[in-house]
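For reference, the structure is listed below as structure tokens.
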Amino acid sequence: MTVRTRIAPSPTGDPHVGTAYIALFNWCFARAHGGQFLLRIEDTDRARSTPESEGAIMDALRWLGLQWDEGPDVGGAVGPYRQSERSALYVRFAEQLVEEGKAFRCYRTAQELEALRVARRKAGNSVALKPSDLHLDDAEVQRRKVAGQPCVIRMQVPEDAGYCVIEDMLRGTIKLDWTMVDAQILLKSDGMPTYHLANVVDDHLMGISHVLRGEEWINSAPKHKLLYEYLGWDMPQLCHLPLLRNPDKSKLSKRKNPTGVFYYQRMGYLPEALVNYLGRMGWSMPDEREKFSLAEMLAEFDIQRVSLGGPVFDVEKLSWLNGLWMRDSLEADELADRLVDWAYNRDNLMRVLPHVRQRMQTLSDFAPLTAFLVAGELPLTESQFDDLNQERDVILRSLQFTLWRLEAQVDWTRDSLFAELKHLADALDLKLKAFLAPLFIAIAGSTASFSVVDAMALLGPDMSRARIRRAIEVLGGVSKKAAKRLERKYRTLHVD
RNA sequence: GACCCCAUCGUCUAGUCAGGUCCAGGACGUCAGGUUUUCAUCCUGAAAACAGGGGUUCGAAUCCCCUUGGGGUCGCCA
């Protein structure tokens, strides 16, 4: 049997290091067994998927050296590799399941579903909605159908207690309770499939032999197993990898940490070092060496060497490793090339120049004016904020509100950033200048700089957020209690 | 809360599947020294862990059970 694995990211935002992590193991597993590694774009969430994000994900994986054998850009025998282009397929299988009585149409409204869940929660334990919970009598179904109400297709699931047995390559036998499994939506009312249907259909049609994915999927494995049975297909081998963690051990999230691959690129990490570091998360070389290339990892790869404790993403160790790569594995001329590629290239200069031209009298003014753009962490001190003549609480509030607002920001352009910040300043009844002052220091290290929204646009979301977080820290941070108070106030502003 | 996963130094881990060679080894970080005109690099050293309790066994970090702790899932997101 040919080993075929895939990475199936959803193009809804910045490429995530977790995606790169899972991709790395899929890449290694496929290559180590002489198989293929595919890229499939799961863009079935029409509200959130963007072509920019898709492009960024491909750039990020390629940057790390995780090239795929088949994918939307390189093609392949079992394409298309973008789920939005395969919708007819999912509809067909969903209809087939309905005809065979293995799925059913559901006209329940969002409000009804919510009420049902509340009722179930109140009554007992599991909130999984079963086919019988969702049932409407024929007359009501007819009425809703005629009224043109939207409907979804849901899968039939066992209603009685009992266990579903899943075999995991690393964890062995896992028994999951059928009572926890709900009548999963397979086809959304917009005609697009959910992950569960699309993933089963595509994995089968694309000949995927092994599914290496995050631990977060364990609980939905019974649905997938059932779907394979319904469709009469063999299920691929499952392997659930541990989740990358924040220092507080929770699942790695952008709310607490920079999670974007490009943040690390911007911070000046080498792709060799980042992929090396990811390879050390939950995995080790037989001789325990810390520094290894992708090729070396591949040569020694054995999925059984994955350890299951969720590894904390430790930037300090990544930095040390990156230093090793820069010192030991790059000649001076290679390093020079890296620096040029990284920041000191013509495109980048052209991007930055419009913002600083007017402020320059000599060429030498350029470096100090723009140093903050290529810096990693700014050397901030508390006293820099003293000159603002604002109460510390006011400064912290401005920064915290800005951070919260920016965590929700999707459209990262100067104009929309400006609009959001202006809106916040107005809501707080602060002059824009006063509101922005602390942000200038957080982002550029000084109030004497070019437009802070332009700077944020150039720095990107992760870096901007990281700097604001850092400034809040330098100012002594926001206590849990204070955060609660601020959050209450923030909500009254209605800025989201 | 229910269900599932997990559990070795602060962090990443080796050792666990095939129990003894482990009063637990390496790495990051920390601390103390040394090399270097400073800093960094580099070198040497130190502190630092088998979550707890029961079993099984001549013998348990390793196998079993319970407890505790952490995490995940419970969406017309993936």
Side-chain angles (χ1 to χ4, degrees), chain A residues 8-13 16 18-19 22 40-49 83 106-110 113-114 117 120-129 150-154 161 163-164 166 168 170-172 174-182 184-199 213-223 240-252 277-291 304-324 326-328:
Chain A
S10 169
T12 54
H16 198 280
T19 305
I22 301 291
R40 182 173 73 224
I41 299 295
E42 307 225 333
D43 56 348
T44 55
D45 183 344
R46 292 206 307 200
R48 294 197 304 144
S49 298
Q83 290 186 327
C106 175
Y107 284 90
R108 290 287 192 172
T109 64
L113 294 176
E114 185 49 33
R117 288 194 184 104
R120 282 204 64 131
R121 192 180 289 270
K122 223 180 213 169
N125 26 36
S126 162
V127 290
L129 264 26
C151 79
V152 300
I153 294 180
R154 291 177 179 270
Y163 286 99
C164 173
I166 298 293
D168 182 278
L170 295 171
R171 295 159 206 264
I174 302 173
K175 280 169 62 183
L176 294 125
D177 195 338
W178 276 120
T179 60
M180 300 297 294
V181 180
D182 67 328
Q184 176 62 49
I185 293 181
L186 299 178
L187 208 66
K188 303 184 255 188
S189 57
D190 67 357
M192 289 299 252
T194 55
Y195 167 87
H196 306 280
L197 207 221
N199 146 75
R213 61 190 353 174
E215 192 177 6
E216 63 211 297
W217 294 108
I218 290 179
N219 289 299
S220 45
K223 293 172 186 174
H240 293 96
L241 297 167
L243 258 21
L244 263 25
R245 312 285 187 93
N246 296 311
D248 69 1
K249 299 276 192 180
S250 58
K251 169 166 133 178
L252 193 65
Y277 183 67
L278 290 176
R280 285 263 27 200
M281 303 271 80
W283 192 82
S284 59
M285 280 289 206
D287 66 359
E288 277 202 83
R289 103 189 80 129
E290 299 282 346
K291 179 167 172 276
Q304 295 305 327
R305 291 193 64 82
V306 169
S307 62
L308 295 174
V312 172
F313 195 91
D314 177 11
V315 184
E316 294 219 67
K317 186 153 182 180
L318 169 62
S319 294
W320 165 77
L321 200 52
N322 199 62
L324 268 191
M326 294 226 300
R327 289 189 297 272
D328 299 354

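All chains are named by letter (A, B, ...) in the order of the sequence lines, taking the proteins before the strands, and each is independently numbered beginning at 1. Model, not experiment: these values are computed from the prediction. When reading the values below, keep in mind they use all heavy atoms of this one structure, side chains included, and skip hydrogens, waters and symmetry mates.
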When both distances are under 3.5 Å in a Watson-Crick or G-U wobble arrangement, the nucleotide paired with B/C74 is B/G1
Side-chain N,O (A/K249) to OP1/OP2 (B/A7) below 4.0 Å: no
Pairwise C1' distance, B/G53 and B/A14 [rounded to whole Å]:
27 Å
Applying the 3.5 Å cut-off to both distances, the Watson-Crick or G-U partner of B/G20 turns out to be B/C58
Exercise for review: Give a yes/no on whether any side-chain N or O of A/S250 is located under 4.0 angstrom from OP1 or OP2 of B/G72.
Suggested key: no
Next item on the list: Give one of base, sugar-phosphate or nothing for A/L243, where a contact means two heavy atoms less than 4.0 Å apart.
Entry: sugar-phosphate
Side-chain contact check for A/V312: nearest option of B/U11, B/U13, B/C6 is B/U11
*Determine the Euclidean distance between corresponding C1' atoms of B/C43 and B/C5; express it in Å to zero decimal places.*
43 Å
Taking only the side-chain nitrogens and oxygens of A/R108, find out if one of them lies under 4.0 Å from OP1 or OP2 of B/C76. no
Atom CH2 of A/W178 and atom C1' of B/C4 are separated, to the nearest Å, by 14 Å
Give a yes or no on whether a salt bridge exists between A/E215 and A/K251, defined as a side-chain N under 4.0 angstrom from a carboxylate O. no
- Query: Heavy atoms under 4.0 Å, any strand shown: does A/E288 hit a base, just sugar-phosphate, or nothing?
  - Reply: base
Review point. Is the shortest side-chain N/O distance from A/K251 to OP1 or OP2 of B/C6 below 4.0 Å?
Key: no
Q | From CA spacing to verdict: side chain to side chain contact (heavy atoms under 4.5 Å, CB included), A/Q304, A/L170 | A | CA-CA 7 Å; A/Q304 295 305 327; A/L170 295 171; 3.9 Å; yes
If pairing means Watson-Crick or G-U wobble with both distances under 3.5 Å, then the partner of B/A48 is none
Closest to the side chain of A/E215, out of B/U13, B/C5, B/G72, is B/C5
Using Watson-Crick geometry (N1-N3 plus N6-O4 or O6-N4) or G-U wobble (N1-O2, O6-N3), each under 3.5 Å, B/A7 is paired with B/U68
Between A/L186 and A/L197 the two heavy atoms that sit nearest each other are O-CB, 3.6 Å
Nearest-nucleotide check on RNA chain B, A/Y195 vs A/I174; residue mapping nearer the 5' end is A/I174
message = Regarding A/S189, tell me which of base, sugar-phosphate or nothing describes its non-hydrogen contacts under 4.0 Å with the strands shown.
response = base
Q) Do A/R289 and A/K291 come within less than 4.5 Å of each other through their side chains, counting heavy atoms only? A) no
Regarding the side chain of A/Y163, the nearest nucleotide among B/C12, B/C77, B/C4 is B/C4
In whole angstroms, the gap separating C1' of B/C39 from CZ of A/R327 amounts to 14 Å
Name the orientation class of the two ring planes belonging to A/Y277 and A/F313 (parallel below 30°, tilted from 30 to 60°, perpendicular beyond 60°).
perpendicular
message: Apply side chain to side chain contact (heavy atoms under 4.5 Å, CB included) to residues A/H16 and A/L244 and explain how you reach the verdict.
response: CA-CA 11 Å; A/H16 198 280; A/L244 263 25; over 6 Å; no
Handout entry: Distance, P atom - from B/C23 to B/G55, rounded to whole angstrom
Key = 22 Å
Considering only heavy side-chain atoms of A/V152, the closest of B/C12, B/C76, B/A14 is B/C76
B/C6 to B/U13 separation - C1' atoms, rounded to the nearest Å: 16 Å
- Query: Is there a donor-acceptor pair under 3.5 Å between the side chain of A/D177 and the backbone N or O of A/A161?
  - Reply: no
To the nearest angstrom, the CH2-P distance between A/W320 and B/A27 comes to 9 Å
Rounded to whole Å, CE of A/M192 lies from P of B/G75 at a distance of 22 Å
message: Give me the distance, rounded to whole Å, that separates B/A2 from B/U62 when you measure between the C1' atoms they each carry.
response: 32 Å
Expressed in whole Å, how much space separates the C1' atoms belonging to B/G45 and B/U38? 24 Å
With heavy atoms under 4.0 Å as the rule, sort A/G282 into base, sugar-phosphate or nothing. sugar-phosphate
A/E216 atom CD is separated from B/C6 atom P, nearest whole Å, by 16 Å
Separation between the P atoms of B/G71 and B/U11, rounded to whole Å
13 Å
When rounded to whole Å, the NZ to C1' distance for the pair A/K223 and B/C4 reads 13 Å
Looking only at B/C3, B/C4, B/A78, the nucleotide nearest the A/M180 side chain is B/C3
Ranking B/A2, B/C28, B/U13 by distance to the side chain of A/P311, first place goes to B/U13
Among B/G71, B/C28, B/A14, the one nearest any side-chain atom of A/S307 is B/A14
To the nearest angstrom, the CG-P distance between A/L308 and B/G15 comes to 13 Å
With the side chain defined as heavy atoms from C-beta on, A/R305 is closest, among B/G26, B/G15, B/A78, to B/G15
Picking from B/C77, B/C5, B/G26, the nucleotide nearest the side-chain atoms of A/D45 would be B/C77
Between A/M281 and A/P150, whichever has its closest RNA chain B nucleotide further toward 5' is A/M281
Less than 4.0 angstrom from a charged side-chain N to a carboxylate O is my criterion; do A/D190 and A/K188 meet it? no
Could you give me the CA-CA distance, side-chain angles and deciding distance for A/I166 and A/R171, then say whether side chain to side chain contact (heavy atoms under 4.5 Å, CB included) is met?
-> CA-CA 10 Å; A/I166 298 293; A/R171 295 159 206 264; over 6 Å; no
- Pairwise P distance for B/A78 and B/U16, with rounding to whole Å: 41 Å
From CD of A/Q83 across to C1' of B/C76 the rounded distance in Å is 15 Å
Report task. Would you classify A/R213 as touching base, sugar-phosphate or nothing, given that sugar-phosphate means primed atoms plus P, OP1 and OP2, and contacts are heavy atoms under 4.0 Å? Result -> nothing
Classify the nucleic acid contact of A/E316 as base, sugar-phosphate or nothing, counting any heavy atom under 4.0 Å across all strands shown. sugar-phosphate
### Task
Scan A/T44 against the nucleic acid and name what it touches under 4.0 Å (heavy atoms): base, sugar-phosphate only, or nothing.
sugar-phosphate
